[in-house]
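Encoded as structure tokens, the structure appears first; notes follow it.
Lettering follows sequence order; numbering is per chain, from 1.
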Amino acid sequence: MIHSWDLDESEALRIQKHLASKVIKKDQLDAVRYVAGVDVAYDEKSGQLVAAAVVLDAGSLDVAETAIAEDVARFPYIPGLFSFREIPPLAKALKTLTIAPDLIVCDGQGIAHPRRFGIASHLGVLFDVPTIGCAKTRLTGEAGQPGIQRGSHAPLTDHGEVIGNVLRTQNNVKPIYVSIGHRISLSTACDWILKLSPHYRLPETTRKSDQTVRRALKNRLSF
DNA sequence: GCGACAG
DNA sequence: ATCTTGTCGC
């Protein structure tokens, strides 16, 4: 289920609306042996997008394999069309893996999206693999306020429709937005994020103390 | 028309 | 995404 990536905004919208109907919003996953986490960074000096994929053994959570790939950015960042910018390098990295992940955690929304087709859903439908949308900030919808304790959650709704969960993965730390990507239910998705969250640094990387320390170090070292 | 707006 | 300065809370 592949399509061109050399397109304009209106073509992207058309493809997005078409593919949104293919998203499966219930559990349809085999026994998860390997879980992958993927993310993309942008280097504005070279105009290159760098994608990374890390595969974990789902039992031990040990790293089983990693992959990295670069690609020129050929689509601008447009809220709502994010996947058309980041999926090309991501697909490149995923194709070099020798292990096929049974579940992929994405840095961005799944169906918590204006047309219910964020990057996690797009990646899931393209590769026909279960995916979870895991975003640091809200794109659309009305966010409930979860309790302060890890595991607390509140619904993310759009005109009464539940499109995701606002989930607290660490005590006293900003919650994240979890939504269905593809072939998984919201509750199963949240279970996986809670299982994985002690092992990743998604909310922590945005903590002010962390930023302040990095800034201070950088300023001292450059002089 | 104006504000909002994943990374 | 990436970069910086200013403010607030514990």
Is the phosphate of B/dC5 approached by A/Thr137 (side-chain N or O, under 4.0 Å from OP1 or OP2)? no
Using residues 113-130 of chain A as the side-chain source, report each donor-acceptor pair under 3.5 Å to any protein atom, sequence neighbours left out, with the distance given to one decimal.
from: A/His113; atom 1: ND1; to: A/Arg115; atom 2: N; distance (Å): 2.9
from: A/His113; atom 1: ND1; to: A/Arg116; atom 2: N; distance (Å): 3.4
from: A/His113; atom 1: ND1; to: A/Phe117; atom 2: N; distance (Å): 3.3
from: A/His113; atom 1: NE2; to: A/Gly80; atom 2: O; distance (Å): 2.8
from: A/Arg115; atom 1: NE; to: A/Gln16; atom 2: OE1; distance (Å): 2.5
from: A/Arg115; atom 1: NH2; to: A/Gln16; atom 2: OE1; distance (Å): 2.9
from: A/Arg115; atom 1: NH2; to: A/Gly80; atom 2: O; distance (Å): 3.3
from: A/Arg116; atom 1: NE; to: A/Glu161; atom 2: OE1; distance (Å): 3.4
from: A/Arg116; atom 1: NE; to: A/Glu161; atom 2: OE2; distance (Å): 3.4
from: A/Arg116; atom 1: NH1; to: A/His113; atom 2: O; distance (Å): 2.6
from: A/Arg116; atom 1: NH1; to: A/Asp158; atom 2: OD2; distance (Å): 3.3
from: A/Arg116; atom 1: NH2; to: A/Asp158; atom 2: OD2; distance (Å): 3.0
from: A/Arg116; atom 1: NH2; to: A/Glu161; atom 2: OE1; distance (Å): 3.0
from: A/Ser121; atom 1: OG; to: A/Gly181; atom 2: O; distance (Å): 2.8
from: A/His122; atom 1: ND1; to: A/Ser83; atom 2: OG; distance (Å): 2.8
from: A/His122; atom 1: NE2; to: A/His3; atom 2: NE2; distance (Å): 3.0
from: A/Asp128; atom 1: OD1; to: A/Arg183; atom 2: NH1; distance (Å): 3.2

Could you tell me how far apart A/Lys174 (NZ) and C/dC10 (C1') are, to the nearest whole angstrom? 19 Å
Stacking here means centres under 5.5 Å and planes under 30°; does A/Tyr177 stack on B/dA6? no
With a 4.0 Å cut-off on heavy atoms, is A/Glu44 in touch with a base, just the backbone sugar-phosphate, or nothing at all? nothing
Between B/dA6 (C1') and A/Phe117 (CZ): distance, integer Å: 15 Å
Once you apply a heavy-atom cut-off of 4.0 Å, does A/Leu49 come out as touching a base, just sugar-phosphate, or nothing? nothing
Whether A/Lys136 contacts C/dA1 is assessed here as follows: a side-chain N or O lying under 4.0 Å from the phosphate OP1 or OP2. Is that the case? yes
What's the CD-C1' distance between A/Glu86 and B/dG7, to the nearest Å? 5 Å
Classify A/Leu90 by what it touches in the nucleic acid, base, sugar-phosphate, or nothing, heavy-atom distance under 4.0 Å. nothing
Measure the distance from CG on A/Asp43 to P on C/dT2 and round it to the nearest whole Å. 9 Å
Please give, in whole Å, the distance from B/dA6 P to A/Ile180 CD1? 21 Å
Using only heavy-atom distances, determine whether the side chains of A/Asp8 and A/Ser10 contain a donor-acceptor pair under 3.5 Å. yes
A/His182 side chain vs A/Ile24 backbone, donor-acceptor pair below 3.5 Å: yes
Whole-Å distance separating the CZ atom of A/Phe84 from the P atom of B/dA6: 17 Å
A/Phe82 has an atom CZ; how far is it from atom P of C/dA1, in whole Å? 8 Å
What contact category does A/Arg138 fall into here, base, sugar-phosphate, or nothing, at under 4.0 angstrom with non-hydrogen atoms? sugar-phosphate
Taking only side-chain nitrogens and oxygens of A/Tyr77, does any of them come within less than 4.0 Å of OP1 or OP2 of B/dA6? yes
Let me know the distance between CZ of A/Phe75 and C1' of C/dA1, rounded to the nearest Å. 16 Å
NA contact type, A/Gly80, heavy-atom cut-off 4.0 Å: base, sugar-phosphate, or nothing? base
Side chain of A/Leu139, heavy atoms from C-beta onward: which of B/dG7, C/dT2, B/dA6 has the nearest atom to it? B/dA6
Donor-acceptor pairs under 3.5 Å, side chain of residues 36-44 of chain A to any protein atom, not counting sequence neighbours: which ones?
from: A/Asp43; atom 1: OD1; to: A/Lys45; atom 2: N; distance (Å): 3.3
from: A/Asp43; atom 1: OD2; to: A/Ser46; atom 2: OG; distance (Å): 2.9

Taking 4.0 angstrom as the limit, do A/Arg74 and A/Asp71 come out as a salt bridge? yes
